[in-house]
Amino acid sequence: GGGTETASSDASTARVDEAKSIVAEHTKRPTEISAKEAIDKPIPRGKQLTFISCGSPACNLESDVIRSATDALGWTLKTINTDGTPEKVKAAWTQVVRDKPDGVLYTATPKAIFAKELKQVKANGTVVAACCTTDPATADGIDFVVGTPKQNEQLGKVMAAWVVAESEGKGNAVFFDIGAFPILTALYKALKPELARLCPDCDVESVDVPLSALGKDVPDRIVSYLRSHPKVKYVVLSADNALAIGLPAALKAAGLGDVKVFGEGPDTTVLQYIANGSMDGTIMFPYYEEMFAMVDAVVRKTVGVPLVDSGTPVWIINKDNLPSSSSLFPVVEDVQEQYFKLWGVKG
Amino acid sequence: MTTDSTAHPTHAPTGGEPPAAAPELTARTLRATFGFGNIGAIWVLLLQIVLFSVWLPDVFPTAATAKQILNSNAGIALAALALVVPLTARVFDLSFAYTMSLSGVTVAYLMVHTGMGLPAAIGIALLAALLVGVINAIVVVVLGVESLIGTLGTGSIIQALITFVTKDISITDDRLTGSFTSIGQTDVGGIVLPVFYAVLAAAATWYVLEHTATGRRLYAAGFNADAARLAGVRVERLRFLSLIASSLIAGFAGIVLASNLGSGSPTAGTPYLLPAFAAVFLGATQFKHGRFNAWGTLTAVLMLGTGLTGLALGSAPPWASNMFTGVVLIAALASSGVQRRTRLRGRRAP
Amino acid sequence: MTTDSTAHPTHAPTGGEPPAAAPELTARTLRATFGFGNIGAIWVLLLQIVLFSVWLPDVFPTAATAKQILNSNAGIALAALALVVPLTARVFDLSFAYTMSLSGVTVAYLMVHTGMGLPAAIGIALLAALLVGVINAIVVVVLGVESLIGTLGTGSIIQALITFVTKDISITDDRLTGSFTSIGQTDVGGIVLPVFYAVLAAAATWYVLEHTATGRRLYAAGFNADAARLAGVRVERLRFLSLIASSLIAGFAGIVLASNLGSGSPTAGTPYLLPAFAAVFLGATQFKHGRFNAWGTLTAVLMLGTGLTGLALGSAPPWASNMFTGVVLIAALASSGVQRRTRLRGRRAP
Amino acid sequence: MADQPVSSGISVLRLRSLSKTFPGTRALSDVSLDVHQGEVHALMGQNGSGKSTLIKILAGYYHADHGAQAWLDDAPVALGVVAASRHDRLRFVHQDLGLILELSAMDNLALLGGFARRPGRIDWAQQRRTTEAMLSRFGADIDVRRPLTEATPVQRTIVAIAAALAGWEGGRGVLVLDEPTAVLPHTEVERLLQIVRELRRSGSSVLYVSHRLDEIFQIADRVTVLRDGSVAATTEVAGLTRNSLAELMVGSAVNADYRAGSRTGGDGEVVLRGRGLRARYLAGVDVELRAGEVLGIAGLPGSGMEELPHLLAGEAPDGPAAGEVQLPGSSAAWWSVGDTRRPRLPIVPADRGREGVIAEFTVAENLSLSVLGKLGCRGRLLKAAERELVDTWTRRVQIKAASTGAVVTSLSGGNQQKVVLARCLAAQAGVLVLSEPTAGVDIGTREAIYDLIAEQAAAGLAVVVSSTDAGDLVAMCHRVLVLGRGTVVAQLEGNDISERAMMSVLGTGEH
Ligand SMILES: Nc1ncnc2c1ncn2[C@@H]1O[C@H](COP(=O)(O)OP(=O)(O)OP(=O)(O)O)[C@@H](O)[C@H]1O
Ligand SMILES: Nc1ncnc2c1ncn2[C@@H]1O[C@H](COP(=O)(O)OP(=O)(O)OP(=O)(O)O)[C@@H](O)[C@H]1O
Ligand SMILES: [Mg+2]
Ligand SMILES: [Mg+2]
């Protein structure tokens with residue numbers, strides 16, 4: 001029996017090493033954006049972009065990022081704020097129909113809400129670019145999508161590697177999902193098999209958090225889970241700007257200081273938790289990269305060159321490589337300059 | 001010492017005008033009807049229109065803007081109208097927002113997962129809303145639970161059921177395009193059907209409250225349940241019915257909303273909770289001197305919606321809409337406030 | 001004579017019990033004090049404890065669970081206590097949730113962007129809350145705007161200001177760890193400081209309402225403002241002060257919350273809006289027969305919180321918590337409902 | 001039937017074995033009552049003797065205890081059920097009127113009498129004409145479309161009576177009036193009695209509750225007297241005198257024409273001055289009140305007699321008002337009547353239900369409300385001191401309550417009035433303002449109040465009393481200001497104060 005044991009332990013060591021190398025690889029800050037092809041035709045100035053803001057905090061940042069791009073291009077940006085209710089989103093699209101801009105950008109709204117307006121927008125010749133939606137890009141609908149479920153699967157795999165690496169191949173983990181956001185489900189879809197592959201002894205369970213718990217009793221739910229599952233020491237959050245807020249204090253009060261927490265999509269609060277060591281790591285959300293990718297898509301469509309792959313870089317941040325805890329930052333440090341170079345403009 | 005006050009020895013109180021009895025067109029009637037106190041929201045609305053037209057002369061004062069305002073406020077108008085009747089009978093129905101989600105999800109679920117036809121699905125969704133109304137009524141009227149909390153409780157239960165069935169995921173499918181979306185998205189001369197539904201619902205509410213004995217009894221039950229009871233008004237039955245009415249209207253609003261969304265969203269209704277109450281209470285200060293009423297509610301919805309559209313047209317910063325809503329709510333109510341206070345004080349007129 | 005007369009809604013009222021006059025310890029007094037009608041929430045709480053202990057014998061009935069329940073409900077308890085005094089004077093303060101966000105953001109902003117020390121930052125944040133209270137009071141008491149809508153308006157303005165300053169991004173920095181987080185995160189024997197704050201706030205509220213002339217006058221102003229005014233109670237002044245009190249408590253709760261989160265979140269307070277009102281209204285049915293009161297509010301918070309923790313310990317599905325909250329709200333109120341209804345009926349019977 | 005009615009006649013309404021137990025109180029025990037066709041049947045009794053309870057059971061508002069029976073025209077009636085089917089046979093004016101003040105006169109009439117309908121909707125024009133016609137029988141000049149919150153108590157009473165009569169013309173049935181005249185002035189009482197006579201002539205019956213003995217002798221054929229919830233007697237009115245009737249109610253000898261205290265008083269310091277007082281009806285009145293003086297204010301509705309007490313007490317008036325008030329006891333300053341900072345005086349308001357008692361409070365809490373500041377020690381409310389105060393005053397004004405911890409609304413109307421009066425007396429402010437102090441107060445209590453006021457006045461309390469009941473003023477006052485059209489038209493002093501004198505000044509003494 002000893003031989004097989006050694007063999008299996010060798011195999012498991014190998015897998016742990018693989019996990020560690022995946023984590024190590026993604027802990028290095030990416031330096032290149034996925035788009036490589038420069039635009040060889042001149043980009044006309046004076047074009048008009050519209051951004052439909054979702055009404056959540058991140059959208060304000062996104063608006064600023066887009067503005068830095070349009071300013072460099074000599075384009076104008078109009079941001080329409082909505083409160084996130086379907087009617088107001090629809091009204092914003094009605095306005096896009098009236099305004100006839102050259103491009104419209106939006107994030108995280110299902111297409112069904114404005115399907116009718118979308119047809120008219122297309123008829124006006126407006127380019128439509130989206131982020132963070134399960135709706136696919138199709139010939140007669142959205143021209144370009146970044147932040148797709150497929151891209152999220154990549155993140156799920158990295159999360160699995162993190163659990164294995166941190167636990168030296170012994171981790172029992174729990175994944176907190178928000179069912180209301182289908183795009184997050186892709187994370188677990190990839191996480192579970194990847195964890196099984198990297199660590200057959202590890203286990204993970206997905207726990208669904210209802211929308212109505214956000215901002216209220218999420219930390220209490222997580223603490224309760226951990227108390228009733230004392231073997232679980234690794235917590236993976238599907239969206240830590242919604243799930244991690246207040247968690248460190250709750251873990252501390254419950255004496256669960258040995259639990260490690262990892263996530264995806266931090267806000268400044270989460271960055272702060274990472275900075276002071278009360279959270280262990282997270283995958284940075286590529287706000288800058290995705291906004292620029294959308295603008296880039298509109299630019300390419302406008303000048304008539306083929307669109308490029310919408311993949312975005314993955315970066316694990318932890319206490320040691322965190323650039324700042326008081327503001328959000330790009331994944332690729334000079335993302336702006338790299339795009340400007342592709343566009344042939346100066347920032 | 002105010003010398004001017006002695007110049008008006010017979011003080012004319014500004015009170016409620018009758019709804020239907022032909023008013024003589026005296027200066028006093030005119031003042032009471034068109035004075036700032038009675039239609040503050042309309043003046044604020046007009047002021048907004050002037051200001052936005054000056055600020056955005058090209059885009060704001062257009063027919064397209066008018067249509068956009070109407071179209072984008074039909075849903076909230078329907079939601080608010082659901083509240084007028086129960087509030088008249090002094091019953092809070094906080095569950096209406098959840099009922100909206102419920103009926104939308106029900107239609108979508110039935111069409112997508114059972115392949116049911118649209119009319120049948122709508123019928124069952126309305127039945128579900130009716131059931132909610134009955135349960136609310138049992139909780140509030142029969143069990144005697146304070147309506148504000150009782151309906152928050154039923155709302156919470158409805159949300160639980162929705163989560164149970166949908167797992168909090170919107171129900172979308174190709175089967176939901178076509179006839180289903182046409183309920184909410186068909187437009188007539190640029191104005192979508194929900195606008196007409198809202199006007200119809202307002203007209204019906206107005207007719208019931210102003211022109212039927214039931215309406216008068218609803219007000220009586222709301223103002224003074226005990227006296228109404230002594231006068232032979234069946235207060236409990238009216239409360240029961242008013243909760244059913246609100247659930248049915250909310251259920252209908254939810255179907256319209258889902259059709260607008262093209263999907264059954266498990267949380268579609270919740271954003272309407274506070275705005276709808278704000279509109280109904282603001283509406284109560286309009287036209288009818290503190291009584292909940294349908295046209296006042298519509299006016300309030302338009303007054304709040306116009307500004308938001310204007311701000312969006314002018315690409316105002318993200319904080320502007322909240323600021324605007326707050327200021328306008330207070331302005332419209334304060335201008336009616338003096339009025340209302342004197343009415344309340346009037347009770348003490350010896 | 002019909003046999004269903006007992007079920008008749010217009011049933012004979014029973015008078016309320018004496019809160020002030022010394023109750024003799026008769027069987028009736030005991031029943032009134034410990035009967036289901038008066039402390040329904042406590043019975044429901046005990047029932048929960050038994051059920052969860054049977055279901056989860058290993059994890060539920062432990063000291064750790066008790067501590068967890070206390071710790072995780074201190075914030076909502078503070079928020080709810082902010083509402084007790086204004087509601088007693090019949091003033092709704094919906095802005096409290098936004099005031100919570102405001103004070104948290106203010107402390108964080110001052111410490112991070114101006115390098116101010118903690119005590120000064122807290123002082124200024126409380127001043128900001130005080131200012132909100134004064135503005136609320138001006139809107140509601142001086143301008144005479146219906147409090148439900150007036151404070152929704154001021155809340156909306158506060159949110160706009162927060163968005164303006166923070167761009168809706170949480171304020172974080174290293175400077176916020178250390179002394180700032182210790183306000184909310186320090187624990188004494190496993191129980192964090194906010195629990196003690198909540199108990200202190202409840203004790204203070206209880207003392208004011210039960211043992212001072214001001215408390216009695218607040219109840220009088222809330223029950224019948226006109227009669228109270230004629231009896232020499234300065235109703236307007238009390239309403240004014242009650243709004244200031246609620247803003248101050250909410251401001252303090254916001255600071256505690258921010259300390260707990262370790263950041264100034266622009267929307268930290270909003271999720272507390274409905275749960276806090278639910279707790280206060282439920283609390284009003286406990287101990288004091290329909291009067292808003294501090295201990296009843298704490299009991300209600302615990303009753304609702306215990307279930308949520310228990311369900312999470314048992315890994316209940318995501319819909320379970322809403323279902324539970326709804327059922328328990330209705331159960332606790334219905335069991336007190338019969339009681340309360342008779343009190344209300346008693347009011348009019350001349 | 002076992003117990004035969006005292007007088008013969010056909011019974012329209014018969015009640016047998018009617019009992020009602022509230023927690024802690026037996027309001028009615030084994031009451032039997034017959035109302036004959038075409039008679040005015042008075043129901044008398046002290047405060048809390050069960051009159052209103054009996055009426056509310058008839059109206060279906062309360063259930064009776066088991067065993068009660070009732071017949072209307074020999075058809076058994078289910079007590080404690082609001083039945084529309086009885087609506088054409090039984091009509092009510094409840095104590096404290098049972099109106100919905102936020103609604104207009106038109107609406108209130110329609111709720112009781114039915115709506116004028118066109119197919120599918122209410123015919124508001126017709127409804128308005130009907131309402132105006134009904135109200136014109138009383139000569140009431142009110143806008144039928146405006147909420148009754150704006151109406152005076154007198155106007156409200158008229159609306160309540162008109163509403164009870166709306167759509168109920170004669171025939172066999174009973175009109176039940178529970179203290180309709182509690183706040184009505186003499187002229188309006190006359191009109192009401194006239195209407196009651198007309199009803200009797202047309203064959204209707206009236207069950208009539210009042211504490212005013214004169215009315216009973218003017219109008220009633222028979223009287224049932226309740227004492228502590230039981231029938232003390234049912235008898236022909238013709239065989240009674242004022243004193244014997246009063247004695248039946250109280251159970252011991254009383255003087256129905258009681259006058260309290262001495263005829264003269266008020267030679268003390270001036271404690272209250274008002275000058276140039278104007279308001280909606282007042283058109284310039286000067287007042288001076290001395291310590292130990294009881295000053296009456298008489299007048300018809302619209303003369304300003306309802307407004308004056310409120311202005312003097314420091315209630316910021318509703319509409320424009322002018323004038324100044326001085327309280328020489330505390331300072332020499334003249335306060336404008338609109339000044340909200342000016343010190344307030346304790347007042348017993350006319351509208352007890354809305355402005356007097358706090359319905360959710362107990363008797364004790366209501367009583368101590370105005371003196372809480374004196375019951376404390378550094379902000380703390382001393383419960384023992386409160387209890388002592390409450391016990392003292394409950395005894396002094398003889399409040400009949402199950403306990404001082406009972407909700408005040410469980411008291412009878414008259415006892416609630418005593419609670420409010422006790423609250424104001426307890427404040428010991430030196431000046432006391434009373435508006436309709438004896439509204440709904442029984443004869444025994446009324447005398448107790450007269451005595452109490454006289455006793456306090458002798459000790460230096462200055463009192464302003466306005467009352468529509470001339471008897472009050474005669475019994476209590478040292479001096480009476482008679483108001484007409486907003487000004488003082490006469491001042492009566494000492495032994496000149498009499499009902500006849502007041503009526504002759506007001507021009508209503510012709511009957
Ligand atoms: N809702 C109630 N709960 C408890 N006790 C009540 C209630 N209503 C009346 N009572 C009691 O019943 C008795 C009779 O009251 P009722 O109102 O019938 O008297 P009344 O004869 O009409 O007196 P008044 O002349 O003062 O109007 C009183 O002792 C009163 O305290
Ligand atoms: N309508 C009234 N009826 C009876 N007393 C009145 C009335 N109006 C005023 N008072 C008198 O005024 C006082 C109430 O005013 P205020 O609240 O300013 O005094 P306070 O009770 O001493 O206040 P504090 O408790 O704050 O010291 C009472 O003590 C009472 O004597
Ligand atoms: Mg009575
Ligand atoms: Mg009486």
Under 4.5 Å from a heavy atom of chain C, the part of [X] involved:
{"X": "S212(A)", "answer": "side chain"}
{"X": "V207(A)", "answer": "neither"}
{"X": "A275(A)", "answer": "side chain"}
{"X": "D267(A)", "answer": "side chain"}
{"X": "D64(A)", "answer": "side chain"}

Which value, rounded to the nearest 0.5 Å, describes the distance between [X] atom [atom1] and [Y] atom [atom2]?
{"X": "I245(A)", "Y": "S263(C)", "atom1": "CD1", "atom2": "OG", "answer": "6.0 Å"}
{"X": "E205(A)", "Y": "S315(C)", "atom1": "CD", "atom2": "OG", "answer": "6.0 Å"}
{"X": "T267(C)", "Y": "L214(A)", "atom1": "OG1", "atom2": "CG", "answer": "11.0 Å"}
{"X": "L313(C)", "Y": "R221(A)", "atom1": "CG", "atom2": "CZ", "answer": "11.5 Å"}
{"X": "I171(C)", "Y": "T268(A)", "atom1": "CD1", "atom2": "OG1", "answer": "8.5 Å"}
{"X": "T309(C)", "Y": "D217(A)", "atom1": "OG1", "atom2": "CG", "answer": "8.0 Å"}

Which atoms of [X] approach chain A - backbone, side chain, both or neither, heavy atom under 4.5 Å:
{"X": "D58(C)", "result": "neither"}
{"X": "P275(C)", "result": "side chain"}
{"X": "N71(C)", "result": "side chain"}
{"X": "T181(C)", "result": "neither"}
{"X": "N260(C)", "result": "both"}

**Study point:** Within-4.5 Å side-chain heavy-atom neighbours: Q68(C) and D220(A)
**Key:** yes
Exercise for review: Using the side chain to side chain contact (heavy atoms under 4.5 Å, CB included) rule, pick out the option among D177(A), V209(A), L211(A), D208(A) that qualifies with P318(C).
Suggested key: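 Considering D177(A), V209(A), L211(A), D208(A), a side chain to side chain contact (heavy atoms under 4.5 Å, CB included) with P318(C) is found only for D208(A).
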Review point. side-chain contact (heavy atoms from CB on, under 4.5 Å) between K216(A) and L308(C): does it pass, once the steps are laid out?
Key: CA-CA 11 Å; K216(A) 285 192 277 200; L308(C) 294 186; over 6 Å; no
Revision key, fill the gap. Minimal heavy-atom distance between S321(C) and P210(A), with the atoms involved, is OG-CG, 4.4 Å
Review point. What residue, out of T163(C), T186(C), T65(C), N322(C), has the most heavy-atom pairs lying under 4.5 Å from chain A?
Key: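 Most pairs with chain A among the choices: T65(C).
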**Study point:** Heavy-atom pair count under 4.5 Å with chain A, highest-scoring of D187(C), T177(C), V192(C), D174(C)
**Key:** D174(C)
Exercise for review: Check the surroundings of atom CZ in F329(A): do more than 12 heavy atoms from other residues, nucleotides or ligands lie under 6.0 Å from it?
Suggested key: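 Above 12, so yes.
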Practice item. Spell out, as yes or no, whether a donor-acceptor pair under 3.5 Å connects the side chain of Y273(A) to the backbone of L261(C). Key: yes
